[in-house]
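Side-chain atoms are counted along with the backbone in the values below, which use heavy atoms only and exclude waters and symmetry mates. Remember, it's 1-based here, ligands and their atoms both numbered in the order they're listed. Everything numeric in this text was worked out from a predicted model, so none of it was measured.
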Amino acid sequence: MKVGIIGGTGYTGSELLRLLAMHPEAEVVAVTSRTLAGKPIHEVHRFLKGFYDLEFVEPVLRNLEDCDVVFTAVPHGEAMKFVPELMDVGIKVVDLSADYRLDRETYEKVYGKKHEGYRDAVYGLTELHRDEIAKADLVANPGCYPTGAILAVAPIAEKVERVVFDAKSGITGAGAKPTEFTHYPNLHEAIVPYKVTNHRHYWEIVKELRAFNPEIEVSFTPQVFPGSRGILTSAHVFMKDIPSREELYGIYEKFYGNCYFVRLQDEVRLNWVRGSNFCDIAIFVGEDRIVVCSAIDNLVKGASGQAIQNMNVMFGLEEWVGLNNPPLFP
Ligand SMILES: NC(=O)c1ccc[n+]([C@@H]2O[C@H](COP(=O)([O-])OP(=O)(O)OC[C@H]3O[C@@H](n4cnc5c(N)ncnc54)[C@H](OP(=O)(O)O)[C@@H]3O)[C@@H](O)[C@H]2O)c1
């Protein structure tokens with residue numbers, strides 16, 4: 001497959017490049033940057049020296065026309081400017097932004113802007129939508145928080161009355177551009193709740209969980225911790241007739257039986273998934289609630305790894321091709 005990346009200087013763009021360097025069926029042929037067009041990739045991403053002999057190119061259609069698939073790894077509101085023209089010339093797209101994850105009306109309400117290039121897309125949480133992804137020309141890759149949250153609860157969502165997600169993300173979730181919020185002295189040794197009751201990813205989580213159970217009530221609190229990668233989610237799940245721990249593990253094992261990248265564990269740690277496409281899940285049963293913890297690498301299963309997993313499914317490959325590396329530990 002000939003692959004293009006729009007937004008190759010950002011964190012998800014460089015993570016796509018890192019992962020695709022190990023993919024046996026994919027060849028990256030075009031990587032864009034508005035600001036660094038003409039510069040060799042390895043001069044910008046020094047850690048990739050020796051893996052790519054390409055220069056960044058301007059993000060215009062003529063530079064991407066040879067591609068079978070393009071990843072749009074750009075901010076929301078920008079992907080919609082590229083997606084329709086790519087699709088019109090028969091290129092498949094995996095969009096990493098939020099532009100195609102919600103229906104048009106909800107998107108315009110939540111993101112406060114008119115959608116100028118709306119197309120129907122399949123929501124790219126591979127474990128839940130594999131069959132539709134296989135037929136899709138446009139896949140909306142999920143947000144990082146929704147990936148960890150939805151996978152934690154999907155197997156039991158039908159029976160859940162209320163779920164409270166407490167999620168902690170590494171700083172790369174905020175993108176490569178430094179801000180006052182992400183500035184080292186401001187975040188070092190701090191864990192910061194932000195957008196506490198109004199994070200936009202709430203809407204994706206609700207949409208997917210309500211497909212299992214229209215009555216489910218959802219709360220979501222995001223926080224940032226001073227590490228680079230990872231999202232740790234604790235889902236506090238309230239339901240009548242709490243099953244035993246053994247029953248719950250049985251339900252999850254059955255639900256994720258054919259899911260290579262979901263691993264059931266006794267406990268989870270971010271440094272057991274770092275650099276990998278795995279989502280680890282552990283289940284704990286209390287008197288009043290179940291707590292399901294999930295751990296992902298936000299740049300891999302939460303973004304670029306899942307995007308490649310989706311590309312694999314779209315092109316009829318096993319979903320783990322090129323992604324079958326163990327996590328980086330310690
Ligand atoms: N970071 C994560 O953990 C994560 C996880 C899931 C999803 N996402 C989503 O994935 C997308 C990319 O995230 P990121 O963290 O990689 O962001 P980032 O580090 O800020 O990178 C954004 C990239 O987009 C390019 N870009 C910006 N505006 C553009 C435009 N108008 N036209 C063409 N290219 C443009 C930039 O390149 P130039 O300025 O060089 O052109 C840069 O390479 C976002 O929508 C984000 O919400 C991120």
Side-chain angles (χ1 to χ4, degrees), residues 4-19 30-41 43-45 55-61 63-64 70-83 85-86 93-102 107 110-111 113 116-117 123-125 139-150 167-179 181-182 195 199-201 203-205 222 224-225 227-233 270 273-275 277 279 296-310:
I5 299 169
I6 304 183
T9 53
Y11 279 150
T12 59
S14 64
E15 189 70 357
L16 281 165
L17 286 164
R18 182 180 78 84
L19 295 167
V31 187
T32 82
S33 168
R34 299 161 306 164
T35 47
L36 297 169
K39 270 217 163 218
I41 286 175
E43 281 186 18
V44 177
H45 300 309
E55 291 174 355
F56 287 105
V57 293
E58 290 285 345
V60 290
L61 184 61
N63 288 330
L64 297 152
V70 167
F71 295 98
T72 42
V74 296
H76 68 265
E78 302 302 331
M80 66 173 81
K81 297 175 186 164
F82 298 102
V83 170
E85 63 176 8
L86 291 165
V93 179
V94 181
D95 177 34
L96 282 84
S97 85
D99 281 358
Y100 295 90
R101 295 178 196 156
L102 300 168
Y107 177 87
V110 173
Y111 286 85
K113 61 173 70 190
E116 280 156 11
Y123 190 69
L125 194 56
V139 168
N141 216 55
C144 45
Y145 284 119
T147 297
I150 298 162
K168 297 178 182 67
S169 171
I171 307 166
T172 53
K177 204 167 169 194
T179 63
F181 183 73
T182 60
K195 298 182 184 166
H199 195 287
R200 286 156 167 169
H201 284 177
W203 297 94
E204 276 175 62
I205 300 170
V224 173
F225 69 86
S228 300
R229 288 169 181 253
I231 291 184
L232 184 70
T233 304
L270 287 182
V273 295
R274 189 179 163 83
N277 201 48
C279 173
I296 60 170
D297 184 322
N298 60 300
L299 288 180
V300 190
K301 183 60 177 163
S304 309
Q306 181 149 246
I308 293 169
Q309 187 182 357
N310 286 325

Is a side-chain donor or acceptor of [X] paired with a backbone partner of [Y] at a separation under 3.5 angstrom?
X    : Y    : value
N298 : G230 : yes
N141 : V94  : no
T32  : G7   : yes
R101 : S97  : yes
H45  : G8   : yes
D297 : G275 : yes
S304 : V300 : no
N63  : P59  : no
N277 : Q306 : yes

If you measure from [atom] to every heavy atom of [options], which option wins on shortest distance?
atom                    : options              : answer
atom 23 (C) of ligand 1 : A73, A307, A174, G13 : A73
atom 19 (O) of ligand 1 : G7, A176, P75, G302  : A176
atom 42 (C) of ligand 1 : T9, V60, L96, D95    : T9
atom 13 (O) of ligand 1 : V31, T72, T12, T147  : T12

For ligand 1, which atoms sit closer than 4.0 Å to a heavy atom of [X]?
X    : result
A303 : 5 (C), 6 (C)
G8   : 43 (O)
L299 : 1 (N), 2 (C), 3 (O)
Y11  : 16 (O), 19 (O)
S33  : 38 (P), 40 (O), 41 (O)
S97  : 45 (O)

### Message
Looking at every heavy atom in both P40 and F56, which two are closest together, and how far apart are they?
### Response
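Heavy atoms only, the tightest pair is O-CE1, 4.4 Å.
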### Query
Is there a donor-acceptor contact under 3.5 Å linking the side chains of Y123 and E204?
yes
Among all the protein's non-hydrogen atoms, which is closest to [atom], and how far away is it?
atom                    : result
atom 35 (C) of ligand 1 : R34 NE, 3.6 Å
atom 31 (N) of ligand 1 : E78 OE1, 2.8 Å
atom 21 (O) of ligand 1 : G10 CA, 3.2 Å
atom 17 (O) of ligand 1 : G175 CA, 4.0 Å

[X] N/O to ligand 1 N/O under 3.5 Å:
X    : answer
T172 : yes
T35  : yes
V74  : yes

### Message
To the closest 0.5 Å, what do you measure between CH2 (W203) and CG (L102)?
### Response
9.0 Å
### Message
Assess the residue pair R34 and E78 against the criterion (salt bridge (Lys or Arg N to Asp or Glu O under 4.0 Å)); give the C-alpha distance rounded to whole Å, side-chain angles, the decisive distance to 0.1 Å, and a yes or no.
### Response
CA-CA 13 Å; R34 299 161 306 164; E78 302 302 331; 5.9 Å; no
### Task
Of the side chain and backbone of H76, name the one, both, or neither that has a heavy atom under 4.0 Å from an atom of ligand 1.
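Backbone only.
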Does [X] have a non-hydrogen atom less than 4.0 Å from ligand 1?
X    : answer
F82  : yes
G173 : yes
N298 : yes

